[in-house]
Amino acid sequence: MEEVILVNQTPVTYFRLTGLSVNQKAQMAAFSMFLVFYVLTLTGNILIIITIIYDPRLHTPMYFFLSNLSFIDVCHSTVTVPKMLRDTLSEEKLISFDACVTQMFFLHLFACTEIFLLTVMAYDRYVAICKPLQYMTVMSWRVCVLLAVALWTGGTIHSISLTSLTIKLPYCGPDEIDNFFCDVPQVIRLACTDTRITEILIVSNSGLISVVCFVVLVVSYTVILVSLRQQISDGKRKALSTCAAHLTVVTLFLGHCIFIYSRPSTSLPEDKVVSVFFTAVTPLLNPIIYTLRNEDMKNAFNKLMGRKERKGK
């Protein structure tokens with residue numbers, strides 16, 4: 001009897017990921033699709049960063065934050081997608097405990113930082129549209145840098161707190177994570193102890209951040225839309241288009257966070273679908289939304305490509 005207890009108390013050193021599907025054909029289809037998604041995500045977001053750095057006309061607060069968003073999307077996608085691609089080609093989808101903790105840390109670092117960044121971008125658009133004469137004073141470069149430091153610091157603190165809550169729990173029994181990456185709700189479900197208090201703390205942390213930021217964003221864009229209601233000039237149409245792009249990204253990204261982190265740690269069939277959008281689809285949509293709907297970005301990109309072609313000749 002004592003031997004059984006000792007075996008059951010052996011710490012877990014590896015977790016088994018269930019992946020997206022057990023069907024081999026479905027796995028190969030997923031591999032091809034997400035490989036294309038990942039390459040396009042890297043290419044699109046890196047091109048946005050290069051274009052913004054290259055064109056002096058884009059050296060404004062809005063594009064400074066947009067370049068930060070593209071950088072975060074590259075990192076956010078890289079945390080989960082390469083591992084998922086490798087696992088689709090292997091039968092045993094194993095991840096070590098240390099690698100799992102590392103993945104959770106960076107996943108929440110980039111996700112929380114992006115939430116804060118989207119909120120800051122909404123504030124930037126509010127000042128630009130509702131207080132245009134004060135814009136360069138309110139959103140000075142000093143303020144932009146301080147905001148960038150603050151949102152990265154906030155994301156780091158959030159990630160450390162959630163990761164600390166997770167690794168303090170004992171893991172000595174089940175080792176199967178019902179997803180294709182490590183995330184806090186799925187991992188704490190495997191702990192060999194009562195996790196109700198931990199779940200409450202996680203919902204209070206991640207769920208509260210997601211909901212509060214979403215409310216702030218909706219209020220900000222509502223104020224912007226009201227201010228634009230009776231002003232239908234070309235400039236206002238452009239501003240409205242920009243806000244619509246921002247709101248689309250916000251809804252897709254924060255929708256996942258609210259769905260996953262604002263409820264108890266229970267597994268639902270929809271979790272994997274929502275996680276796919278969160279980790280692979282949304283980072284790809286950002287460069288599409290922000291470039292195809294933005295004339296300044298398209299003009300700068302065409303100028304950059306034209307100069308490269310001339311240099312090549």
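Side chains are part of it too, since the values below use all heavy atoms of this structure and drop only hydrogens, waters and symmetry mates. Just so you know, these numbers come straight off a predicted model, no measurement behind them. Numbers here simply count residues along the sequence, with the first being 1.
Of all heavy-atom pairs spanning Met104 and Asp183, the tightest one is SD-C, 3.7 Å. Closest heavy-atom contact between Val216 and Thr119: CG1-CG2, 3.9 Å. Among all heavy-atom pairs drawn from Asp73 and Glu114, the shortest one is OD1-OE1, 3.0 Å. In terms of heavy atoms, Ile209 sits closest to His158 at CD1-ND1, 3.6 Å. Of all heavy-atom pairs spanning Leu109 and Gly155, the tightest one is CD1-C, 3.7 Å. Cys130 approaches Pro132 most closely through the heavy-atom pair C-CD, 3.4 Å.
Sorted by first and then second residue, the disulfide (SG to SG under 2.5 Å) pairs involving residues 49-108 (not counting sequence neighbours) are Cys100-Cys182. Residues in residues 77-87 take part in these salt bridge (charged side-chain N to carboxylate O under 4.0 Å, His left out) pairs, two or more places apart or across chains: Lys83-Asp87. Within the structure, salt bridge (charged side-chain N to carboxylate O under 4.0 Å, His left out) pairs that include any residue of residues 52-66 comprise Asp55-Arg57 (at least two apart or interchain). Each side-chain hydrogen bond (donor to acceptor under 3.5 Å, both in side chains) pair with one or both residues in residues 28-45, not counting sequence neighbours, appears once here: Tyr38-Thr78, Asn45-Ser70.
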Between Leu147 and Met139, does the side chain to side chain contact (heavy atoms under 4.5 Å, CB included) criterion hold? Intermediate values first, please.
CA-CA 10 Å; Leu147 286 172; Met139 298 300 294; 4.1 Å; yes

Quick one, Phe180 with Leu17, criterion side chain to side chain contact (heavy atoms under 4.5 Å, CB included). Give me CA distance, side-chain angles, the key distance, then yes/no.
CA-CA 6 Å; Phe180 58 91; Leu17 302 169; 5.7 Å; no

Report the C-alpha separation of Val138 and Val143 in whole Å, then their side-chain angles, then the decisive distance to 0.1 Å, and conclude whether the side chain to side chain contact (heavy atoms under 4.5 Å, CB included) test is met.
CA-CA 7 Å; Val138 175; Val143 171; 6.0 Å; no

Please evaluate residues Thr88 and Met28 with respect to the criterion side chain to side chain contact (heavy atoms under 4.5 Å, CB included), reporting the C-alpha separation (whole Å), side-chain torsions for both, the decisive distance (0.1 Å), and the verdict.
CA-CA 7 Å; Thr88 57; Met28 293 310 300; over 6 Å; no

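Remark: Ile157 engages Thr153 in a side chain to side chain contact (heavy atoms under 4.5 Å, CB included) (not counting sequence neighbours). Residues forming a side chain to side chain contact (heavy atoms under 4.5 Å, CB included) with Thr282 (at least two apart in sequence, or on another chain): Leu252, Phe253, Asn286. Listed by chain and number, the residues in a salt bridge (charged side-chain N to carboxylate O under 4.0 Å, His left out) with Arg142 amount to none (sequence neighbours excluded). Take Asp98 and apply the salt bridge (charged side-chain N to carboxylate O under 4.0 Å, His left out) test, not counting sequence neighbours, and it matches no residue. Under the rule for a side chain to side chain donor-acceptor pair (under 3.5 Å), the partners of Ser161 that lie at least two apart in sequence or sit in another chain are Asn205. Under the rule for a side chain to side chain contact (heavy atoms under 4.5 Å, CB included), the partners of Leu201 that lie at least two apart in sequence or sit in another chain are Leu165, Ile197. Under the side chain to side chain contact (heavy atoms under 4.5 Å, CB included) criterion, Val218 pairs with Phe214, Thr222, sequence neighbours left out.
Lys168 contributes atom NZ, which lies 14.0 Å from atom OG1 of Thr193 (distance to the nearest 0.5 angstrom). Interatomic distance, Phe15 CZ to Asn179 CG, rounded to the nearest 0.5 Å: 13.5 Å. Between the CZ atom of Phe106 and the OG1 atom of Thr156 there is a distance of 9.5 Å, given to the nearest 0.5 Å.
Counting Ile, Leu, Val, Met, Phe, Trp and Tyr side chains that sit under 4.5 Å apart, directly or through other members, Leu94 shares a hydrophobic cluster with Tyr14.
A side-chain donor-acceptor contact under 3.5 Å links Ser67 to the backbone of Phe64.
Ring geometry for Trp152 against Phe110 counts as perpendicular: the plane angle is over 60°, on a 0 to 90° scale with 30° as the lower cut.
Summarising the local packing, CZ of Phe31 is surrounded by more than 12 heavy atoms from other residues, nucleotides or ligands at distances under 6.0 Å.
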